[in-house]
Amino acid sequence: MKLAIASGKGGTGKTTLTVALAQAAQAPVQLLDCDVEEPNSHLFFTKGDSKRDVVTVAVPHIDPQRCTHCGLCGDFCAYNALACLPTETILFEGLCHSCGGCMRLCPHQAISERQQRIGYIDQWRHGQIDLFSGVLDVGQAMSPPLIRAVKRHQQADKLILLDCPPGTSCPLTTTIHDADVVILVTEPTPFGLHDLQIAVETVRQLNRPVAVIINRSDLGDQSIHDYCRSKKIPILLQIPFEKRIAVAYSRGDGLLDALPGLQPQLALVLNQARKLYRENLT
Amino acid sequence: MKELIVISGKGGTGKTSLTACLATLAEQCVIADCDVDAANLHLLLSPRVHHRTPFVSGEMAVIDETRCNQCGHCQQLCRFEGISPTPPYTILPSGCEGCRVCAHFCPQQAISMVPRQCGEWYRSVSSAGPMIHARINVGAENSGKLVSLFRQQARQLAEEQQSPWLLVDGPPGLGCPVIASVTGADAVLIVTEPTLAGQHDMVRIIDLLEHFSMTGYICINRWDINPEMTRTIRQIAEQRGVSCVGLIPFDRQVVSAQLKARPVIDQPDSIAAMAIKDLWDNVHAILSTP
Ligand code: SF4
Ligand code: SF4
Ligand code: SF4
Ligand code: SF4
């Protein structure tokens, strides 16, 4: 099962929960940190031997010997990444989406592709957990290619947990569009509710089953409950605010370090998610 | 006019609540909510909308079924999961990045490109001053383009109104929208928290600011959750030439103010509000010195 844990609003405890779910599973798990702009899952594990793979994307390389400055590639590029000047054709790497169109199009075969680094993926093993952490290089603008590279490590026979990027735009949809179940972590405040509504719409538009976990459940009001009831969204777990959890988190300790008693409830969350997944298949 | 961008990298550090307070404290400011993905500022500043403008950004492919002969060429060429993997071939709007490759190379000329409607943006009057904000459509691309458009509109508005301040609630993360929001601003205020994740993300933002040779300041929210970590974060920032302009204590009043749809600065007995006043005095003093 591919279980995506997302949040709409940031800082709701999504990463803490993802890590705790991985620990509570007591089975082989792949934890994929797809929050590549701010990957934080690895902070909850002791540093061990890691394997690092560099991730690249293809960017065009223009051969000045062959280019006749016809201007076709510049007219074609949807992102204005190519400037065709009378004596030179220039690529603005920051704008290129690596679509490959210009290379195909050039009538003089002046364009080839070369690999350009955008970030890396670190891999660790911690007991039964395989952690894959994608890290976008600072100054790089586009995260979806790196997210896709992280997701290529998925093995269908394992439980896969995806720590999603924040928000509801392309990084999130890239992560969850093929997930089996999406859990949205929220908090019972007006901000939490507002962002939850948008996240639910996004997930439903992609036709994924959705469930909710409420964190800091006693620090707000009832509006999340009312909303979930009206939309028939199951609430799988509620975690009250405890300074103990906040302090443990600040030190890099996980949820289960602060509240070991939560393990059975988290295992139950995984079972309920599996149930949602099966219901969706039938 | 001074433009101050408030960003946090990591979400949930209280960036938006803080921005709402600063906007309330700054006399005559123009406000822009560039956190379009999780636009929440309007929940605290109750803007009344005066103008709404739809915006389109980029394009999307559309297949004309009457011309398509299902050859699958487009599917092989698309590098973005924009076309369904199996026939009948259809465009998947959540994957299509509008690169035009399929449209250009379809042997039947069955594909055309249409502009992508991404949402609406608003010019409003809020409880803290004129405000620019937006609602983006579900799953629409949140590119730096929208953020750039907003800042440009907000600047224009600030100039018209002769406002001394432009306050921007910045987007999360470190990618394209953030880069578009910080370049060219007078100062960037990083809101962090005393956690390992907060520290980690702050360092990445400082790297980013250095990359673009920009001046940043930090403030630490809920600093008393872990005073030791607060000290560490402060030291790291100061070693990189980024000074700390405020420490805000944990205060349940922030949530209770939010439930009343008001910034916490309105609660007279709130300890967070007092700390935020000090923070604003510091920022004001720094940015007012030429
Ligand atoms: S299409 Fe080819 S020949 Fe024409 S300007 Fe581009 S690179 Fe040069
Ligand atoms: S690969 Fe695509 S996006 Fe990049 S320069 Fe060529 S046409 Fe433009
Ligand atoms: S390339 Fe054109 S004709 Fe072939 S499947 Fe795609 S849309 Fe249809
Ligand atoms: S326009 Fe580009 S991204 Fe969109 S479907 Fe066609 S090839 Fe794929």
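Worth knowing before you read on, the calculation uses all heavy atoms, side chains too, and leaves out hydrogens, waters and symmetry mates. In the text below, chain A, chain B and the rest are named by the order of the sequence lines, each starting its count at 1.
- Taking each heavy atom of B/R204 and A/V135 in turn, the nearest pair found is NH1-CG1, 3.4 Å.
- Among the candidates B/D35, B/L44, B/L92, the residue making the largest number of heavy-atom pairs closer than 4.5 Å to chain A is B/L44.
- Each of A/C102, A/G100, A/P145 has some count of heavy-atom pairs under 4.5 Å with chain B, and the biggest count is that of A/G100.
- Ranked by heavy-atom pairs shorter than 4.5 Å toward chain A, the options B/E81, B/H211, B/Q199 are led by B/E81.
- Among B/S8, B/G98, B/S17, the residue making the largest number of heavy-atom pairs under 4.5 Å with chain A is B/G98.
- Once rounded to the nearest 0.5 Å, the distance linking CG of B/L41 with CZ of A/F191 reads 7.5 Å.
- Relative orientation of the B/F250 and A/F241 rings is parallel, given thresholds of 30° and 60° on the angle between their planes.
- Applying the 6.0 Å contact sphere to CD of B/Q109 captures no more than 12 heavy atoms from other residues, nucleotides or ligands.
- Taking B/T13, B/N40, B/T16, B/L196 one by one and counting their heavy-atom pairs under 4.5 Å with chain A, the maximum is reached by B/N40.
- In terms of non-hydrogen atom pairs under 4.5 Å with chain A, the most contact-rich of B/E228, B/R79, B/E193, B/R222 is B/R79.
- Proximity of a side-chain donor or acceptor of B/R100 to a complementary backbone N or O of A/G101 within less than 3.5 Å is not detected.
- Summarising the geometry of B/C99 relative to A/A78, their closest heavy-atom pair is O-CB, 4.0 Å, with the distance given to 0.1 Å.
- Note that CG of A/L193 is 9.0 Å distant from CG of B/L43, once rounded to the nearest 0.5 Å.
- Between A/P188 and B/L259, the shortest heavy-atom contact is O-CD2, 4.4 Å.
- For chain A, the option among B/K15, B/H104, B/Q258 with the highest count of heavy-atom pairs below 4.5 Å is B/Q258.
- In this structure, the portion of A/L206 lying under 4.5 Å from any heavy atom of chain B is its side chain and not its backbone.
- Both the backbone and the side chain of A/R104 have a heavy atom closer than 4.5 Å to some heavy atom of chain B.
- Across every non-hydrogen atom of A/I198 and B/R135, the tightest pair is CG1-NH2, 4.2 Å.
- With a 4.5 Å cut-off on non-hydrogen atoms, A/S143 does not touch chain B at all.
- Note: A/H194 leads A/K14, A/E187, A/H177, A/H194 in heavy-atom pairs under 4.5 Å with chain B.
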